[in-house]
Amino acid sequence: MMYSVTKRQNPLDRKSDSKYYAVAAYGEEIDVNDLAKEISKSCTLTPTDIVAVIESFLDKMPQYLKNSNRIRLNKFGIFKLSFSSVGQESEDDVSSKDIKNVRVLFMPSAELKKELSDVGYTRK
């Protein structure tokens with residue numbers, strides 16, 4: 001994995017001196033079509049078939065997440081919705097109007113974490 005170095009101020013202490021930090025540096029973006037071409041080299045599906053499956057999955061994913069389901073992709077991980085909410089003084093005062101900032105969470109599987117545990121780092 002590549003990284004670059006950037007100078008930043010501590011956001012929690014604006015009066016402190018800036019420090020240098022390593023930050024992730026990304027290469028080119030791989031899109032669904034590129035991924036499908038690579039996957040098709042190791043199976044009997046065509047890139048078009050693979051793209052269709054991925055797009056169908058992405059079409060269905062919001063429906064399942066909105067229904068409070070977690071989506072487990074075995075060796076990959078789990079997707080689920082989460083949110084924050086405004087606190088109320090009494091249990092009876094809490095309502096759906098208090099829910100803010102809905103977001104999609106991804107929790108990588110143990111297998112994926114293990115595969116990534118030996119990542120090397122190269123300064124860009």
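Please read all numbers here as calculations on a predicted model, not as lab measurements.
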Check for a donor-acceptor pair, side chain of R72 on one end and backbone N or O of R70 on the other, with a separation under 3.5 Å.
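Not confirmed, R72 side chain does not pair with R70 backbone.
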Nearest 0.5 angstrom please: [X] [atom1] to [Y] [atom2], how far?
| X | Y | atom1 | atom2 | value |
| --- | --- | --- | --- | --- |
| I30 | E38 | CD1 | CD | 8.5 Å |
| K97 | Q88 | NZ | CD | 11.0 Å |
| D34 | E29 | CG | CD | 9.5 Å |
| K114 | S117 | NZ | OG | 8.0 Å |
| S4 | K124 | OG | NZ | 6.5 Å |

Linking Ile, Leu, Val, Met, Phe, Trp and Tyr by side-chain heavy atoms under 4.5 Å, what else ends up with [X]?
| X | value |
| --- | --- |
| M2 | none |
| M1 | Y3, V5, Y20, Y26, V119, Y121 |
| L105 | none |

So, using side-chain hydrogen bond (donor to acceptor under 3.5 Å, both in side chains) as the criterion, who are the partners of S109 when residues are at least two apart?
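For S109 the side-chain hydrogen bond (donor to acceptor under 3.5 Å, both in side chains) partners, ignoring immediate neighbours, are E111.
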Who passes side-chain hydrogen bond (donor to acceptor under 3.5 Å, both in side chains) against T46, sequence neighbours left out?
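Partners of T46 by the side-chain hydrogen bond (donor to acceptor under 3.5 Å, both in side chains) criterion, ordered by chain and then number, come out as D49.
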Looking at Q63, I want to see if its CD is surrounded by more than 12 non-hydrogen atoms of other residues, nucleotides or ligands under 6.0 Å.
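More than 12 heavy atoms, drawn from other residues, nucleotides or ligands, come within 6.0 Å of this atom.
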Quick one: do L35 and V51 end up in the same hydrophobic cluster if we chain Ile, Leu, Val, Met, Phe, Trp and Tyr together by side-chain heavy atoms under 4.5 Å apart?
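The answer is yes; both residues are in one hydrophobic cluster.
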Do F83 and I78 share a hydrophobic cluster (ILVMFWY, side-chain heavy atoms under 4.5 Å, transitive)?
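As far as the 4.5 Å side-chain criterion goes, I78 and F83 are not connected within one cluster.
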Apply ring pair (Phe, Tyr, Trp, His ring centres under 6.0 Å) to Y64 and list each qualifying residue two or more places apart in sequence or on a separate chain.
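Applying ring pair (Phe, Tyr, Trp, His ring centres under 6.0 Å) to Y64 gives none.
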